[in-house]
Amino acid sequence: MTVNLHLSELDRPNSYIGKTVPRPNAPRLVEGRGVYVDDVVLPRMVHVAFFRSPHAHARIGEIATAAALAVPGVIRVFTGRDIADICSPWVAVLAHLKGLKSAPQHALAVERATWVGEPVVAVVAATRAAAEDGVAVLEVQFEPLPVVADMETALDPDTPLIHPELGDNLVFQRLHEKGEPDAAMAGAAKVVEAVFHTGRHTGVCLEPRSILANYSRPENQLTVHHSTQAPHMMQTIFAKHLDLPEGNVRVICGDVGGSYGVKVHVYPDEMAVAAIAKAMARPVKFVADRLESFASDIHARDHRIKGRMGVDAQGRIVAMEIDDLTGIGPYSVYPRTSAIEGNQVVNLCGGPYDFQNYRAQTTVVLQNKTPTCQYRAVGHPIATAVTEGLVDLAADAIGLDPAEFRRRNIVRDDAYPYTSAANMRFEGLSHQASLEKLLTMMDYDALRAEQVRLRERGIHRGIGLASFIELTNPSPFMYGIGGARISAQDGCTVRMDPDGSVVALSGVTEQGQGTDTILAQVVAEGVGVPIERVRVITGDTQVTPYGGGTWASRGAGIGGEAALQAGLALRENILVVAAAMLQAEAGALDVVAGEIVDKATGQPRMPLAELGRIVYFRGDTLPKGLPRELVATRHFITSDYPFAFTNGVQASYVEVDVETGFVRLLKHWCVEDCGRIINPQLVDEQVRGGIVQGIGGALYEHCLYSEDGQLMTANMADYLVPMAAEMPDMVIGHVETPTRESLLGAKGAGEAGTAGAPAAIMNAINDALKPFKARVTAMPFTPERILAALGTIPERRL
Amino acid sequence: MKPAPLSYARASDVGHALALWREAGPDARILAGGQSLLAGLNLRLAEVDGLIDISRIASLRTIDLVGDTLRIGALTRHADLERSDLVALHAPALAQAAPLIAHPAIRTRGTIGGSLAYADPAAELPACMLALDAVIVAQGDGGERRIAARDFFTGVFETGLEPFELLIAVEIPVLRPGRAQAVRELARRSGDYAMAGLVAAADVTPAGLRDVRLAYFGVGGSPVLARAAMAALDAGRPVAEAEAALDDDLDPSDDLQASAAMKRHLAKVLLRRVLADLTGTEQGRPA
Ligand SMILES: Cc1cc2nc3c(=O)[nH]c(=O)nc-3n(C[C@H](O)[C@H](O)[C@H](O)COP(=O)(O)OP(=O)(O)OC[C@H]3O[C@@H](n4cnc5c(N)ncnc54)[C@H](O)[C@@H]3O)c2cc1C
């Protein structure tokens, strides 16, 4: 590598990588000047509201539309059959997930509705209110069908089939075995086991799913303003299912108010909107309201996992076994599929620990509930809870302190490269350094002493630890090899304009997490200009390089490296011109803070604006044939490892009121290692936000269904998300182990908080409950479940 | 989540409001703070064809000491209760209860009249009215009518208000010397409706608590006076007997957050803690 970035020196001139800089887009957003899809208003625009199935499973009969069409403002009504003529159905499978099957799914249900909330009829009107008035008077006949609600019985022979043509309700099953788990368990000094449940929950974005599709018949062009994580993927999908050339579809993604994985999937209602736009040749807007968000945004994490762990007399893990069952709703979600989460549970369980005897199975079944798919930290919180729950049980069984047990079992920092029992390959992790840093930060021994002291006064506090790994920077091994047109590569184009300012166009996207900021930092440093001179443009398929967008914590590691390389390439191009103008060697010059300088002395030679003036307006004065390319594009894809794993460890300190079952979160710590940190504050806030979503899963959030498949928690009063008052103080620390796959060395940080928080909280609660020999393993850990575990009240099945 | 089309009129005073209401008919609703009503309209839960907005009637947003009664106008916001010196001095239970209602934005708009007229079984203020022996003042075409709080809350979201009758004020006997009031609730999150809550008032005497009022909320179809438990305490019986008596006083049903069994259990925990609050003894930790 010819360029030395000195990435560890923070106070060199014109350095931004590793520094907290303010987010350039923050003032605009805080002042309410964001432009979300709902803010975009086009001439001749109409609105859609959906009639959604009130039944979990029913045959759709006659649809009487006359009353709806008579409502003032209503323009047209589309049924499933109408839309099926415009938009072809899809089947969400991936070739590398062997045996994965699903049924064709339509934008609007055609023959049967298969979950409460599935879109059945679309009403198009001049306003959203008129469209809702139309929906209110639609008459749709339904013939209710038997409902498959319970995943535990979904495969029983007498359970009805959701899609008879599939032959059963099994979507996917995978068994992974390594080493000799049976023999190792048989030889273990102690074997512990438990059954864990992670409650079905969902992403709850501040900005709901939103789409505005417009079709121009003369150009045969579809333009879609979309709140999405993956504009290029959606471009491909709109083109394919609406029968348009891919080049005639443009997806524009402006400001996005959070996505968390919710907005990386294909939603039937959104496909219907695009189809309606094509049919009517008008702009058509749909913004999901909160009620339909709960019933139609993907859900996630509906798992039951049986786990066993064997340890030897020295307290070393010798084997681990898990049996995972998950219900995913009536369809595998397109195009990423709903088998990934279970697959990740298999891949990630036991991840931080050094053992090689492992058996893991996941079974993915259909049910008549909202479809589930990838939500922030896909599979991680589940795998971490199971692993860390078993680790605490094993430590207890063998009589070791949980921290000491982890010390003995985590993969050593000098053991890399290392291949886990699940066959995950790790380039370089820092479990030992992270654990020691965490224990110091929290003053573990002092907390233990305090815990003992307070217990004598009837105050029950608990400490929970959770080590974790996080999968980031995915290669095509995640989706591409399975046949999905989802780019693992990303690109960045960097351009210098006459005044010396720089524009960067990137294929990764801004969802509110700060991607634009880190791209600006990286480009500013790569080119050598002040960050104020960099403008970042993302989220327009007709403008930016083709790329994957935001998912699996890839923005910094992949988009960031492409931006860095493009910036460096532009710097070299600039220096070629500068050398000619200053009659110097390009190698003797540099670009710093927007000036050409003498590399050796730092002496300023010429502002970039002067170079820009000459190149753009007086090119005649430069030597003929001199390359004057003030635009550079670079792409990046990971290739040495399928994924860049990161690691970390969290701790939770809680107080359980054993009379009421209430849990108070006193404090939370996280040490994580995302490789090179580009912007410390953004990483800290990613971790904090992630922890809060983990708190949600551990204590509050639950999509509850009745036995007949009715969603009982379909509003913000019944579906509880943690709010400011529920958040403890969170202390974040870092260890930096940069990946050697890239110059930047960044891995992802977006999911670390969510991955570890539920496990840490679970272990802390159970630590507090220990004197009562009570234990909880079913999330969310509600006061009622805790009181039931304490034997105070009877258990209730919800 | 858009309401069905409806008409709207703003009333300038109580008489005007009543006249508008008559004109609009029984399917029109009074709009006060809108914090319950508008959510219901957006969810299209109720058929409402008109709104009569009373929120700007200044004469209904008052807190006055009238003799030994504290009179609180119907449009007094929850936030006003939180900040009023008169309330803190003469009806401390209301000052304690107000911050437990929802969040600041909602407390800035939500009104005491709206809360009482809406009569949510899990709401704080109706239970306060029971515990403080308040009188609800209603006004219809025929003039004012006074209803004792214990007769006012008749069922789930049901009250003793007649059609075309406006709740205009509540009257609360001021706290007498030697008497104490306390409020506690157990809610899943800060600001949520409670799984169980208790408003208590009693004379604190050397012989123990006397003239005890225990008004529970969130454990029945409307706020409940726990009469058997109150009697046990008035008779100087041990707290455990009062707890046992709650089994007769309360008949909660399951909801999403808590089973009936859990609500019964929490009611007992609350009783212990609130009695400790009243007597100023070691209270355990905050509920
Ligand atoms: C997120 C959220 C959380 C909440 N949490 C709580 C909580 O924890 N505890 C709690 O107690 N409340 C809670 N509330 C409700 C809040 O306290 C409301 O303010 C209150 O229930 C109704 O008061 P309002 O003035 O907003 O009445 P409105 O919503 O305007 O009216 C409610 C009903 O009362 C009728 N009405 C109003 N005023 C009168 C009157 N003067 N005479 C006759 N009828 C009248 C209306 O016609 C309507 O039917 C919550 C609300 C929200 C949105």
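Side chains are part of it too, since the values below use all heavy atoms of this structure and drop only hydrogens, waters and symmetry mates. What you are looking at is a predicted structure, and each value in this text was computed from that prediction instead of being measured. Per chain, numbering begins at 1; letters A, B, ... match sequence-line order.
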- Checking A/A788 against chain B: side chain, backbone, both or neither under 4.5 Å from a heavy atom? neither
- Item | Heavy-atom pair of closest approach, residues B/Q257 and A/E784 | O-OE1, 3.4 Å
- Message: I need the minimum non-hydrogen distance between B/R189 and A/V721, along with the two atoms involved.
- Response: NH1-O, 2.7 Å
- Note on the structure: Heaviest contributor of heavy-atom pairs below 4.5 Å to chain B, chosen from A/M712, A/R290, A/E659, A/E292, is A/E659
- Note on the structure: What one should report as the nearest heavy-atom pair of A/E132 and B/R44 is CB-NH2, 3.5 Å
- Message: Let's test your reading of the structure: which of B/P3, B/A39, B/A4, B/A187 forms the most heavy-atom pairs below 4.5 Å with chain A?
- Response: B/A187
- Note on the structure: Residues B/R188 and A/P783: closest non-hydrogen pair is NE-CD, 3.4 Å
- Measuring heavy-atom distances to chain B, does A/L720 have an atom under 4.5 Å in its side chain, in its backbone, in both, or in neither? both
- Give a yes or no on this: more than 12 heavy atoms of other residues, nucleotides or ligands lie within 6.0 Å of atom CZ of B/R109. no
- Task: Against chain B, label A/T792 side chain, backbone, both or neither, depending on which of its atoms sit under 4.5 Å from a heavy atom there.
- Result: side chain
- How many angstroms lie between atom CE of A/M723 and atom CG of B/D192, to the nearest 0.5 angstrom? 6.0 Å
- Might you point out which heavy atoms bring B/S190 and A/E726 nearest each other, and give the distance in Å? N-OE2, 2.8 Å
- May I have the step-by-step check of side-chain contact (heavy atoms from CB on, under 4.5 Å) for B/M1 and A/N715, ending in yes or no? CA-CA 11 Å; B/M1 284 174 88; A/N715 61 58; over 6 Å; no
- Engaged part of B/L256 at the chain A interface, taking heavy atoms whose separation is under 4.5 Å: both
- Item | Flag if over 12 foreign heavy atoms under 6.0 Å of CG, A/L206 | no
- Shortest non-hydrogen contact from A/L787 to B/H265? CD1-CD2, 3.6 Å
- Task: Step through the shown structure and confirm whether more than 12 heavy atoms of other residues, nucleotides or ligands are within 6.0 Å of CZ on B/R83.
- Result: no
